[in-house]
Structures are given as structure tokens and as C-alpha cells.
Amino acid sequence: MAYARVGQWLSLLVCLLILLKAESHPVELTLVQSAVAKGAVCLDGSPPAYHFDKGFGAGINNWLVHIEGGGWCKDVESCVERTKNFRGSSKQMEKTISFSGVLGKKQTMNPDFYNWNRIKVRYCDGSSFTGDVEAVDPATNLHFRGGRVFRAIIDDLLAKGMINAKNALLSGCSAGGLASILQCDNFRSLLPAGTNVKCLADAGYFINAKTITGSQQIEAFYSQVVALHGSAKHLPASCTSRLRPGLCFFPQNVVPQLRTPIFLVNAAYDSWQIKNILAPSIADPKGTWKSCKSGIKNCSPAQIRTMQGKKA
């Protein structure tokens with residue numbers, strides 16, 4: 001599914017551009033070495049990681065945990081490919097990244113969160129932090145442990161002061177936005193009862209829609225992700241008690257049952273979903289949707305009606 005990989009990188013680029021502002025500052029990488037003993041590791045077995053900029057002043061007990069995006073891997077081949085870069089290995093991650101936008105510490109640029117504890121969780125498991133398979137095939141050395149990684153990182157942050165949080169916001173973009181939905185109630189359960197907890201998903205509301213030819217391509221894709229990574233045990237029980245696990249990767253089947261307040265931010269014209277869910281190349285061999293996929297201004301009235309009809 002090469003088209004999906006390209007689309008995932010484009011979606012990630014959009015998320016990164018949202019964060020990139022003129023006012024930025026470097027934040028070092030933190031490796032959670034203690035997670036390795038728990039089996040909470042990246043696809044290649046390396047320790048999970050995050051970047052942490054400490055809060056100050058009135059924000060000292062407020063926490064913003066932002067999850068990085070970057071698509072998914074649905075088979076051994078695509079997961080092995082991820083181990084060659086920072087999408088599957090902390091060994092390949094930058095030692096320092098710039099914080100800006102909602103993660104920035106300039107009050108003029110980020111008036112709501114500038115003095116909070118701000119964390120960017122690195123994404124290296126390929127399952128939106130839901131995987132949990134004990135066995136490791138020595139031929140590939142792939143570790144499907146995203147669910148354990150999420151818990152290990154939160155535990156590490158709790159030990160560093162988040163246990164005293166007055167306010168905590170779990171956010172994410174793209175595949176990270178999906179993770180913030182799927183892990184929202186779990187995040188709430190790991191924090192003290194007195195903490196004010198909310199979640200935010202930016203471009204993470206992926207819909208279960210058929211392609212323009214009527215095939216259920218994204219449903220099949222997500223089902224493969226869930227099966228490969230053993231995600232069922234870390235998907236919300238409020239969904240898996242009613243539906244098969246693959247369907248519980250879709251926010252439309254999860255959000256109505258969430259107990260924790262959540263904010264959903266999604267473009268009406270979501271370029272990734274148009275290109276990869278509604279009109280992927282395999283469903284549009286003649287390129288009828290090519291212009292529309294390059295920008296909504298190029299879409300015909302009929303294509304606009306088709307898109308409107310696919311809203312969740």
C-alpha cells in the first residue's frame with residue numbers, strides 16, 4: 001500500500017508545519033531506559049522516547065502531552081521498513097528538536113500553554129500506541145508493543161511530577177491524534193482523580209468510508225494493523241465489547257462512548273483522507289480525482305457532493 005505510505009508522510013508534514021513557528025527552542029531527547037525491562041519498546045526493540053520542556057510559574061502543575069504522528073504499518077515488510085528510521089527506532093531519532101507552536105514557551109506565540117510542562121511523545125511503534133504481542137520473531141526482531149510504550153511513558157512522566165498535575169491535556173496529530181482518542185480514557189485513569197483531564201485530536205478522526213468504487217479499503221487496512229500488532233487488548237473496551245477490534249480503530253465507533261472530554265479538530269477537506277480513503281489511486285485508475293486531490297478548488301460539484309456524503 002505504497003499510496004498510504006506517501007499519504008502518511010504528507011499528513012505528518014502538515015502536522016509539523018502547524019507546529020513550526022518563528023519562535024522555537026531546542027529540547028533534548030529523553031530515552032525511557034526503564035521501559036525496556038517491561039518490554040515497552042519501539043519496533044526494533046530500542047527504548048521509547050520523548051522530549052520534555054519543564055513548566056514554570058503558574059503552569060508548573062499543568063501538563064500537555066502531545067503525541068507525534070506518522071501513519072501505521074500493517075505487515076512485516078512495512079514495519080521492518082520503519083525500523084530503518086525514527087518511525088520504528090529511537091536509535092534513529094534526532095537528539096534535539098525544536099519546540100514551537102502549541103509546544104513553544106513564548107507567551108506571545110503560545111499564550112495558553114507556554115508555561116506548562118510540554119512533552120512531545122515520539123512515535124515508534126506503528127500502531128497508534130495500541131500494540132501488545134509478547135512473541136518476537138528472531139528473523140525480523142519486530143516488537144509490537146505500542147500499548148506498553150504508552151503506559152511506560154506516562155508512568156515515567158508521573159514519576160517526574162505529573163502525579164501532581166492540576167490540569168492535563170493529551171493531544172496528538174494524525175496517527176498521534178488517533179492515539180489521543182484511543183488512549184483518552186486510559187490517560188484519564190492513570191492520573192489522580194482530582195486532575196482536570198481533557199484530550200485533543202488534531203487531524204486524527206479517520207472515517208470508515210468506502211472508496212469511490214465501493215471497496216472497504218481503509219477498513220481492511222486498519223484490520224490488518226490491529227491483527228498484526230495485537231491491538232485488541234489496548235483498544236477501548238466500550239467498543240470491543242460491541243464490535244470486532246478492527247472497527248474500534250475508527251473514532252466514530254469510540255468517541256460516543258468516551259467518558260473524558262475531548263476536542264476534535266479536523267478539516268472538512270482532509271487531503272490525506274481524500275487521497276487514501278475516498279479516492280486512492282487503485283480506486284481511480286483513470287485519474288478522474290487527480291485534480292481534486294491536489295486542492296479543493298479543483299473539485300467538481302459532483303466530487304464535492306461525494307465528499308460531503310462521506311462525513312462520519
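Computed from heavy atoms alone, side chains included, the values below leave out hydrogens, waters and symmetry copies. Quick note: residue numbers are just sequence positions, from 1.
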Stepwise side chain to side chain donor-acceptor pair (under 3.5 Å) test for T213 and T211: CA-CA 5 Å; T213 58; T211 68; 2.9 Å; yes
Derivation of the side-chain contact (heavy atoms from CB on, under 4.5 Å) call for Y50 and V65: CA-CA 10 Å; Y50 59 82; V65 181; over 6 Å; no
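Atom-to-atom distance recorded for I67:CD1 and L200:CG is 11.0 Å, nearest 0.5 angstrom. Separating the OH atom in Y114 from the OG1 atom in T108 is a distance of 10.5 Å, to the nearest 0.5 Å. Separating the CG atom in L258 from the CG atom in L182 is a distance of 9.0 Å, to the nearest 0.5 Å. The distance from atom CD1 of I181 to atom CG of L170, rounded to the nearest 0.5 Å, is 10.0 Å. Taken from CG in L169 to CD1 in I119, the straight-line distance is 10.5 Å, to the nearest 0.5 Å. Distance NZ/K91 to CG/N85: 14.0 Å, rounded to 0.5 Å.
Using a 4.5 Å heavy-atom cutoff, the side chains of R259 and R188 are not in contact. With a 4.5 Å cut-off on side-chain heavy atoms, K120 and V27 do not count as touching. L142 places none of its side-chain heavy atoms less than 4.5 Å from the side chain of D137. You'll find the side chain of W116 reaches within 4.5 Å of the side chain of N167, heavy atoms only. The shortest side-chain heavy-atom distance between E94 and L29 does not fall under the 4.5 Å cut-off. Using a 4.5 Å heavy-atom threshold, the side chains of L43 and C124 count as separate. The shortest distance between side-chain heavy atoms of R145 and D125 does not fall below 4.5 Å.
Ring geometry for W272 against F206 counts as perpendicular: the plane angle is over 60°, on a 0 to 90° scale with 30° as the lower cut.
Partners of D155 under the salt bridge (Lys or Arg N to Asp or Glu O under 4.0 Å) rule, at least two apart in sequence or in another chain, are R151.
Follow the hydrophobic side-chain contacts under 4.5 Å out from Y269 and you reach I212 in the same cluster.
In this structure, a donor-acceptor pair under 3.5 Å is absent between the side chains of N164 and N61. Side-chain contact check for E219 and N208: at least one donor-acceptor pair (N or O, by modelled atom type) lies under 3.5 Å. Under 3.5 Å, the side chains of H51 and R122 contain a donor-acceptor pair of N or O atoms.
Note: W63 and F52 meet the aromatic proximity criterion, with ring centroids under 6.0 Å apart.
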Show me the donor-acceptor pairs, under 3.5 Å and distance only, between side chains in residues 286-294 and residues at least two apart or in other chains.
{"from": "K293", "atom 1": "NZ", "to": "A279", "atom 2": "O", "distance (Å)": "2.8"}
{"from": "S294", "atom 1": "OG", "to": "S291", "atom 2": "O", "distance (Å)": "2.6"}
{"from": "S294", "atom 1": "OG", "to": "N298", "atom 2": "ND2", "distance (Å)": "3.0"}

